[in-house]
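Below, read A as the first sequence line, B as the second, and so on, with proteins coming before strands; counting in each chain starts at 1. Just so you know, these numbers use all the heavy atoms, side chains as well, and skip hydrogens, waters and symmetry mates.
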Amino acid sequence: MLDINQLRNDLDAVVARLAARGFAFDAANFTTLEAERKTLQTATQDLQAKRNSVSKQIGMAKSKGEDVAPILAEVENLKGELAANESALSAVQNKLDDLLLGVPNLPHDSVPAGNDEKDNVEVRRWGTPRTFDFTAKDHVDIGTPLGLDFETGAKLSGARFTLLRGHIARLHRALAQFMLDVQTNEHGYSETYTPYIVNPEVLFGTGQLPKFADDMFRVERGGEDGHTQYLISTSEISLTNTVRDSILKAEELPIKLTAHSPCFRSEAGSYGRDVRGMIRQHQFDKVEMVQIANPEKSYAALEEMVGHAEAILQKLELPYRVVSLCTGDMGFSAAKTYDLEVWLPAQNTYREISSCSNCEAFQARRMQTRFKNEAGKNELVHTLNGSGLAVGRTLVAVLENYQNADGSVIVPAALRPYMGGLEKLV
RNA sequence: GGAGAGGUGGCAGAGUGGUCGAAUGUACCUGACUCGAAAUCAGGCGAUAGGGCAACUUAUCCGAGGGUUCGAAUCCCUCCCUCUCCGCCA
């Protein structure tokens, strides 16, 4: 959520920055609602003050044993008038809230301008894509004989669900363990295990609700109705919301959390895309990094976090590039985002495998997460999140980059300790 | 699933219809005493929003949401959560 004071004081600039990310903000509607809100709020508060003072008078009169009937008569109309004002005010407040909750974050000044992924800017590359002396297969063709089982996944749960068997299943587990070990042992994140089912207000906090309900899986508890909860689409949601509704001490920052969790995404609206293989799944695992940061240090933290994600790819010796997303391609809550794209030889291209964002105070404002700054004032924290990394896509990258002509796959050296020393999948 | 007890400020904990955003203790901050510290004493110390250049001021908030009332932390309803005992269970 944006700072409403920024909208009040600097509306034109905010509208322009939102336009840069392709969002048309209804400034006229906002201005009208704000004017209504101001009038109604002042009037309502005046009436409330009057009611309070009269009620006090009644209390005092009664305690002295005086007759209160005259005072009661005086405020006969007050109640109805107040109720009307209060409900009008809350209606306007709700409209304003609805408006604001649907507005994406403002892009940081350093974010390249652009409309879509074609305008993203490559920041750097690491590693050299391997040259094959045979035709490289994609992960479906390599993986199926080794234990990637799309048919059974589909039989159990439908399209975009995959079953893993044997060494492939173990490789998947090894990747998650390896990533978690690197992030905790080398980068200072606290290992966290979180609920996968969360309450709706948690999703408001990180920005998935109210706008992106269609991307989520909903669950109902057996034997109960009316209490819809949601499967997390990333553990960013549960990790970031651990600090909702709290005032932190400055010295607690930064809080660095990591978790390995499944992620559930309905992928509504992506029907034609990436239907083959396990690039785009309804369920995939991810090791997530989250930082709760002092605003002054959040951009340094973002660069650092990108490095934490890169470290995984470097240790796995997978070529990748770092891309700065343009204004038009960033997610709803992000002020700035770097994507890591790993080399996939079969597609002859780089594909997203991590996304690291600084959300500044956007989520903190929704979650009411503050800290006591040096001046002793409560100030909103900045929140950052990044994948370190998406496990399923990393599995794809390993299979494709480490394949041999005979259909076997070399186990990257960094993963062998997690595979009981196994060097090759056959 | 059954029975019971609770949810109040950072923490502990009083308050059961009126001047209560809320006693008291503790933590924390400031000052005094001290070479310094501890102890002691004095003062301060919640959040959010509105109005005002500001000093300041108004409103709202006692798990959440409704209701009764001139007036609700306090009474009523619904829900959520925590604890104890029993049952069940990985």
For B/G46 versus B/A42, give the span between their C1' atoms, rounded off to a whole number of Å.
-> 23 Å
Rounded to the Å, how far apart are A/Gln229 CD and B/C79 C1'?
-> 14 Å
A/Thr184 side chain to A/Ser190 main-chain N or O, any donor-acceptor pair under 3.5 Å?
-> no
Counting side-chain heavy atoms from C-beta on, which of B/C70, B/U48, B/A49 comes nearest to A/Gln368?
-> B/U48
Taking NZ, NE, NH1 and NH2 as the nitrogens, is one of them in A/Asp285 or A/Arg173 under 4.0 Å from a carboxylate oxygen of the other?
-> no
If pairing means Watson-Crick or G-U wobble with both distances under 3.5 Å, then the partner of B/A54 is none
Nearest-angstrom distance, P atom, B/G21 to B/U58 | 12 Å
What integer distance in Å separates A/Phe371:CZ from B/G10:P?
-> 18 Å
Can you tell me the Watson-Crick or wobble partner of B/U84, both distances under 3.5 angstrom?
-> B/A3
Looking only at atom C1', what distance separates B/A64 and B/C45, rounded to whole Å?
-> 28 Å
Atom-pair distance (CG on A/Leu248; P on B/A47), nearest Å | 14 Å
Taking the side chain of A/Gln45 as its heavy atoms from C-beta onward, which of B/U58, B/A47, B/G71 lies nearest to it?
-> B/U58
Separation of atom CD1 in A/Ile247 from atom C1' in B/C45, rounded to whole Å = 13 Å
Using the ring of each side chain (for Trp, its six-membered ring), is A/Phe25 parallel, tilted or perpendicular to A/Phe30, with breaks at 30° and 60°?
-> tilted
Ion pair present between A/Lys377 and A/Glu379, side-chain N to carboxylate O less than 4.0 angstrom?
-> no
Counter-base of B/U48, judged by Watson-Crick or G-U geometry with both distances under 3.5 Å | B/A59
Within less than 4.0 Å of OP1 or OP2 of B/A49, is there a side-chain N or O belonging to A/Arg37?
-> no
Keeping the roles fixed (side chain from A/Arg366, backbone from A/Leu101), state whether a donor-acceptor pair exists under 3.5 Å.
-> yes
Paired to B/A27 by Watson-Crick or G-U wobble criteria (both distances under 3.5 Å) is none
Candidate nucleotides B/G18, B/U58, B/U19, ranked by approach to the side chain of A/Ala49 - the nearest | B/U58
How many Å lie between CG on A/Leu100 and C1' on B/A49, as a whole number?
-> 14 Å
What integer number of Å spans the C1' atoms of B/G71 and B/C75?
-> 13 Å
Indicate the ring-plane relationship of A/His308 and A/His187, choosing parallel, tilted or perpendicular according to the 30° and 60° boundaries.
-> parallel
Considering the options A/Met179, A/Glu310, A/Glu186, which one meets the side chain to side chain contact (heavy atoms under 4.5 Å, CB included) requirement together with A/Lys315?
-> A/Glu186
Base, sugar-phosphate alone, or nothing: which one does A/Lys372 contact when heavy atoms must sit under 4.0 Å apart?
-> sugar-phosphate
Starting at atom NZ of A/Lys249, determine the distance to atom P of B/C11, rounded to an integer number of angstrom.
-> 10 Å
Give a yes or no on whether a donor-acceptor pair under 3.5 Å exists between the nucleobase atoms of B/G18, that is its base, and the side chain of A/Lys62.
-> yes
Could you say whether A/Met60 or A/Val54 is positioned toward the 5' end of RNA chain B, judged by the nucleotide with the nearest heavy atom to each?
-> A/Met60
Residue whose closest nucleotide on RNA chain B lies nearer the 5' end, A/Lys56 versus A/Arg8 | A/Lys56
Return the nucleotide paired to B/U40: Watson-Crick means purine N1 to pyrimidine N3 with N6-O4 or O6-N4, wobble means G-U with N1-O2 and O6-N3, both under 3.5 Å.
-> B/A32
When the C1' atoms of B/G67 and B/A72 are considered, how many whole Å apart are they?
-> 11 Å
Using atom names, set out every protein N or O paired with an N or O of nucleotides 60-69 of chain B below 3.5 Å, distance rounded to 0.1 Å.
| residue | atom | partner | partner atom | Å |
| --- | --- | --- | --- | --- |
| B/U60 | OP1 | A/Arg51 | NH2 | 2.6 |
| B/U60 | OP2 | A/Asn52 | ND2 | 3.4 |

Identify the nucleotide, in any strand shown, that forms a Watson-Crick or G-U wobble pair with B/U78, with both distances under 3.5 Å; if there is none, say none.
-> B/A64
Just name whichever nucleotide pairs with B/C20, Watson-Crick or G-U, keeping both distances under 3.5 Å, else none.
-> none
Taking atom C1' in both B/A38 and B/G52, compute the distance separating them and give it to the nearest angstrom.
-> 46 Å
Pick the C1' atom in B/U68 and in B/U74, then give their distance to the nearest Å.
-> 13 Å
In Watson-Crick or G-U wobble terms, with both distances under 3.5 Å, the base opposite B/U69 is none
Is a salt bridge present between A/Arg160 and A/Glu267, judged by a nitrogen-to-oxygen distance below 4.0 Å?
-> no
Integer angstrom distance from the P of B/A73 to that of B/C88 | 45 Å
So, does A/Asn241 use its side chain to make a donor-acceptor pair with the main chain of A/Val202 at under 3.5 Å?
-> yes
Of all the choices, B/U48, B/A59, B/G18, which nucleotide is nearest to the side chain of A/Ile58 once you look at every atom?
-> B/G18
Rounded to whole angstroms, how far apart are CD on A/Glu252 and P on B/G10?
-> 14 Å
Is A/Glu81 salt-bridged to A/Lys50, going by a charged N under 4.0 Å from an acidic O?
-> no
B/U48 C1' sits how many Å from A/Leu380 CG, rounded?
-> 12 Å
